[in-house]
Amino acid sequence: MRCATCGEEKETRPYGKGGAAICFGCAMGSADARSEAESQFSTQLHACGPVAVVGNEAGPYPLKGTSPEH
């Protein structure tokens, strides 16, 4: 995907301002960008519920078929 900050075709995650796709370099490029990325990730992770899948360009998403007991 294209990074919303630098405009380059790179691997991105939806952790830019308002959930925009952003590359790692831009997300960690300044204190403000890093803080925004951390906030976006945290919000998305908590919205997933008790079990989340992470590690791809979609950002965290709930693992289907899980329950809080498992």
Legend entry - Student check: side-chain heavy atoms of Ile22 and Thr12 closer than 4.5 Å: no
Legend entry - Minimum heavy-atom distance between Cys26 and Ala33, given as atom pair plus value: O-CB, 3.4 Å
Inset, instruction - Side-chain contact test, heavy atoms from C-beta onward, threshold under 4.5 Å: evaluate it for Glu11 versus Glu57 and give yes or no. - result: yes
Inset, instruction - Name all pairs fulfilling the salt bridge (charged side-chain N to carboxylate O under 4.0 Å, His left out) condition that reach into residues 14-35, sequence neighbours left out, sorted by first residue then second. - result: Arg34-Glu38
Inset, instruction - Could you tell me whether the side chain of Pro14 reaches within less than 4.5 Å of the side chain of Gln44, counting heavy atoms only? - result: yes
Legend entry - Backbone N/O of Ala31 and side chain of Ser35: donor-acceptor pair under 3.5 Å: no
Inset, instruction - Might you point out which heavy atoms bring Pro62 and Cys48 nearest each other, and give the distance in Å? - result: CB-O, 3.4 Å
Inset, instruction - Find out if a path of hydrophobic residues (ILVMFWY) with successive side-chain heavy-atom gaps under 4.5 Å connects Val51 to Leu45. - result: no
Inset, instruction - For residues Tyr61 and Val54, determine if any side-chain heavy atom of one lies less than 4.5 Å from a side-chain heavy atom of the other. - result: no
Inset, instruction - Return yes if some donor-acceptor pair links the side-chain N/O of Arg13 with the main-chain N/O of Ala21 below 3.5 Å, else return no. - result: no
Legend entry - Sequence-distant partners of Phe24, side-chain contact (heavy atoms from CB on, under 4.5 Å), two or more places apart: Met28
